[in-house]
Each structure stands twice: as C-alpha cells, then as structure tokens.
2 protein chains.
Amino acid sequence: MKSRKLYNRIAVLRKERNISRKELAEIIGVNFQTVGYLEREEYNPSLDLAFKISEYFELPIELIFSTKPLKPLIEEIIELKNKIGEQ
Amino acid sequence: MKSRKLYNRIAVLRKERNISRKELAEIIGVNFQTVGYLEREEYNPSLDLAFKISEYFELPIELIFSTKPLKPLIEEIIELKNKIGEQ
DNA sequence: ACAATATATTGTAAATATACAACAAAAAAT
DNA sequence: ATTTTTTGTTGTATATTTACAATATATTGT
C-alpha cells in the first residue's frame with residue numbers, strides 16, 4: 001500500500017508547550033531526529049507512536065493528525081466563533 | 001522504538017457490517033491477508049491505514065484501536081447504561 | 001455431499017518507519 | 001560576540017508493516 005502523506009500539528013503543539021524536540025522525543029521514547037522527521041512530515045508515524053503523541057498532548061489523534069492539510073489553529077478558532085455566533 | 005501491541009475491534013465491526021476480509025481489504029486498499037494480520041493483532045497498522053479503516057467504519061480511531069485490551073462492545077453498552085441510570 | 005467462499009498460517013520480498021551518527025545552520029542565552 | 005541549544009539535513013542500518021503466493025482448514029451455499 002502506498003502510504004498517503006499525512007499532515008500534523010506536532011510543531012505547533014510542541015511550541016505551545018514550550019518544549020524542545022529533544023524533550024518531546026524523550027517523553028514519547030524516540031530519537032530526537034525522529035521528531036524532526038515527523039514535524040517536517042517527511043514520513044508518517046506508526047499508529048503506536050501516534051498514540052504516544054496523542055497521550056502526551058492529551059488530545060485525540062484526529063486533532064493532531066489529518067489526511068488533509070491542516071489549517072492554522074487560529075483559523076479554526078475564528079471559524080468556530082463564527083459558527084457559534086451565526087445561530 | 002519497540003512498538004507496543006495494540007488492540008482493535010476490526011473483526012467485530014466487520015462482522016456487524018457483514019463484509020468479508022476480502023471486501024474490506026479492497027475498500028481500504030490492502031491485501032486481504034493484511035486484514036487477517038490486523039484482526040489477529042499480529043502487527044499494528046500504519047497511521048495511514050488506521051485512518052482508512054476509521055474512514056470506512058465512520059468511527060474515530062480511538063474507538064477502533066486501543067493501547068489497552070478492549071472490552072466486548074456489549075459490556076461497554078451495559079456500563080454506559082448503568083452510568084446513565086445511576087444519576 | 002460437493003462446490004464455493006472465507007479464514008488461518010507460513011515464508012519471502014518490498015516499502016516504510018525508526019535509530020543513530022555526523023555536521024551545518026539558525027536561534028537563544030550569556 | 002561567543003557559547004549553548006535547537007533545528008535541518010544526509011547517510012546507513014535495523015525493525016516493522018505490507019504484498020504476495022501457496023497451502024490447509026473451516027464455513028457456507030446448493
């Protein structure tokens with residue numbers, strides 16, 4: 001199966017928590033370069049690694065990873081605000 | 001990274017939809033033996049494959065795959081019924 | 001009972017993910 | 001300004017996932 005390219009928000013989420021790749025890598029138990037590869041979306045994580053990342057950020061996998069390009073979080077927020085406002 | 005064993009409900013969900021491994025395999029674009037391996041939990045899917053399965057069943061990844069052994073669906077239902085009843 | 005379909009199992013080859021090392025470049029801290 | 005930390009990049013090795021083939025067993029349909 002040719003794997004589709006997946007998108008993720010690891011870099012942004014990591015920045016928001018103010019930790020380095022090295023620190024994140026240690027927590028989720030991979031090499032720090034592996035975090036780099038993931039953030040640059042050069043390859044996809046295994047499902048197990050996705051679960052570990054999801055556990056660390058305490059967010060569902062679907063909020064971190066996506067099959068479609070991810071909008072900046074700030075845009076998501078604006079859209080949600082509009083949606084609430086418009087009813 | 002030594003991958004943890006992951007658990008899944010593919011076999012049950014597939015039975016509920018009454019499709020064969022071969023049919024599911026064609027839909028998600030893998031070899032039918034690969035579905036066998038996944039159902040027997042002999043190895044974990046890639047994140048991309050997990051997404052495809054999640055898309056087919058229209059269920060979040062977390063409901064299909066888990067890092068901890070999965071209870072039968074019927075038990076989950078009973079627990080939820082109790083939880084609702086007890087408030 | 002027989003045929004057709006579905007599943008299990010094993011083995012080999014391929015593709016992809018991960019580890020690890022080394023070095024360069026950029027950013028942050030002092 | 002210079003040291004330290006972080007990030008990017010490249011290359012090689014190992015582990016894991018997936019494909020594919022072949023065969024055996026089980027299940028279902030007729």
Side-chain angles (χ1 to χ4, degrees), chain A residues 1-57 59-62 64-70 72-73, chain B residues 1-57 59-62 64-70 72-73:
Chain A
M1 187 198 52
K2 193 156 69 307
S3 217
R4 291 174 293 186
K5 176 191 172 56
L6 298 183
Y7 304 86
N8 73 71
R9 295 197 218 269
I10 299 173
V12 195
L13 294 171
R14 183 173 61 75
K15 280 286 171 204
E16 284 196 330
R17 310 258 166 149
N18 260 313
I19 60 167
S20 70
R21 287 186 182 168
K22 199 148 160 275
E23 290 170 298
L24 177 58
E26 272 156 28
I27 293 167
I28 62 180
V30 294
N31 193 278
F32 84 100
Q33 280 115 328
T34 298
V35 175
Y37 279 107
L38 295 177
E39 291 193 353
R40 281 175 261 122
E41 294 166 345
E42 287 185 31
Y43 54 56
N44 303 330
S46 65
L47 181 55
D48 185 30
L49 184 48
F51 264 118
K52 282 187 187 143
I53 294 166
S54 153
E55 283 157 16
Y56 169 69
F57 287 117
L59 293 172
I61 288 179
E62 285 83 355
I64 307 175
F65 299 95
S66 169
T67 57
K68 281 162 294 183
L70 287 159
L73 286 173
Chain B
M1 187 200 51
K2 193 156 68 312
S3 216
R4 291 175 292 186
K5 175 190 172 58
L6 298 182
Y7 304 87
N8 71 72
R9 295 197 219 269
I10 299 173
V12 195
L13 293 171
R14 183 174 61 74
K15 281 287 173 202
E16 284 196 328
R17 309 257 167 150
N18 259 311
I19 62 167
S20 69
R21 286 186 182 169
K22 198 148 159 271
E23 289 169 299
L24 176 58
E26 272 156 29
I27 293 167
I28 63 181
V30 295
N31 194 277
F32 84 100
Q33 280 116 328
T34 298
V35 175
Y37 279 107
L38 295 177
E39 291 193 353
R40 278 176 263 123
E41 294 166 344
E42 287 186 29
Y43 55 55
N44 302 331
S46 63
L47 181 56
D48 184 31
L49 184 47
F51 264 118
K52 282 187 188 144
I53 294 166
S54 153
E55 283 157 15
Y56 169 69
F57 287 118
L59 293 172
I61 288 178
E62 285 82 354
I64 307 176
F65 299 94
S66 170
T67 56
K68 281 162 291 182
L70 287 159
L73 287 173

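Sequence lines set the chain letters: A, B, ... in the order given, protein chains first and strands last, and positions in each chain run from 1. All heavy atoms count here, side chains included; hydrogens, waters and symmetry mates do not.
- B:Ser20 pairs by the side chain to side chain donor-acceptor pair (under 3.5 Å) definition with B:Glu23, not counting sequence neighbours.
- B:Ile10 is listed as a side-chain neighbour of B:Leu24, based on a closest heavy-atom distance under 4.5 Å.
- Remark: C1' of D:dT5 and CD of A:Glu26 are 13 Å apart, rounded to the nearest angstrom.
- Near DNA chain C, meaning a heavy atom under 4.0 Å away, the residues from residues 5-15 of chain B are B:Arg14, B:Lys15.
- Residues satisfying the salt bridge (Lys or Arg N to Asp or Glu O under 4.0 Å) test with B:Glu41, not counting sequence neighbours, are B:Lys5.
- A 4.5 Å side-chain heavy-atom check between A:Leu49 and A:Leu38 finds at least one atom pair inside the cut-off.
- Per the geometry, CG belonging to B:Asp48 stands 9 Å off P belonging to D:dT18, to the nearest Å.
- Here the C1' atom of nucleotide C:dA6 and the CG atom of B:Asn18 are 13 Å apart, to the nearest Å.
- In this structure A:Pro69 satisfies the side-chain contact (heavy atoms from CB on, under 4.5 Å) test together with A:Tyr7, sequence neighbours excluded.
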Which atom pairs link the protein and nucleotides 28-30 of chain D when you take only N or O atoms and keep those under 3.5 Å?
none

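- Counting heavy atoms from C-beta on, the side chains of B:Thr34 and B:Tyr43 come closer than 4.5 Å.
- If you take NZ of B:Lys22 and C1' of C:dT5, they are 9 Å apart, rounded to a whole angstrom.
- Scored by the salt bridge (Lys or Arg N to Asp or Glu O under 4.0 Å) test, A:Glu55 finds B:Arg4 as partners (sequence neighbours excluded).
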Atom pairs under 3.5 Å, N or O on each side, protein against nucleotides 13-17 of chain D: can you list them with distances?
from: D:dT17; atom 1: OP1; to: B:Asn44; atom 2: N; distance (Å): 3.2
from: D:dT17; atom 1: O5'; to: B:Asn44; atom 2: O; distance (Å): 3.3

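- A heavy-atom distance below 4.5 Å is not found between the side chains of B:Phe65 and A:Ile61.
- Taking both residues in full, the closest heavy atoms of A:Ser54 and B:Glu62 are given as OG-OE2, 4.5 Å, listed atom of the first, atom of the second, then distance.
- Contacts with DNA chain C (heavy atom under 4.0 Å) in residues 27-39 of chain A: A:Gly29, A:Val30, A:Asn31, A:Gln33, A:Thr34, listed by number.
- Under the 4.5 Å side-chain criterion, counting only non-hydrogen atoms from C-beta, B:Phe51 is not in contact with A:Asn44.
- Judged as a side-chain contact (heavy atoms from CB on, under 4.5 Å), and not counting sequence neighbours, the contacts of B:Arg40 are B:Arg21, B:Tyr37, B:Glu42.
- Distance A:Ile19 CD1 to D:dT5 P: 17 Å, rounded to the nearest Å.
- With sequence neighbours excluded, no residue satisfies side chain to side chain donor-acceptor pair (under 3.5 Å) with A:Glu16.
- Between B:Arg9 and B:Phe57, every side-chain heavy-atom pair lies at or beyond the 4.5 Å cut-off.
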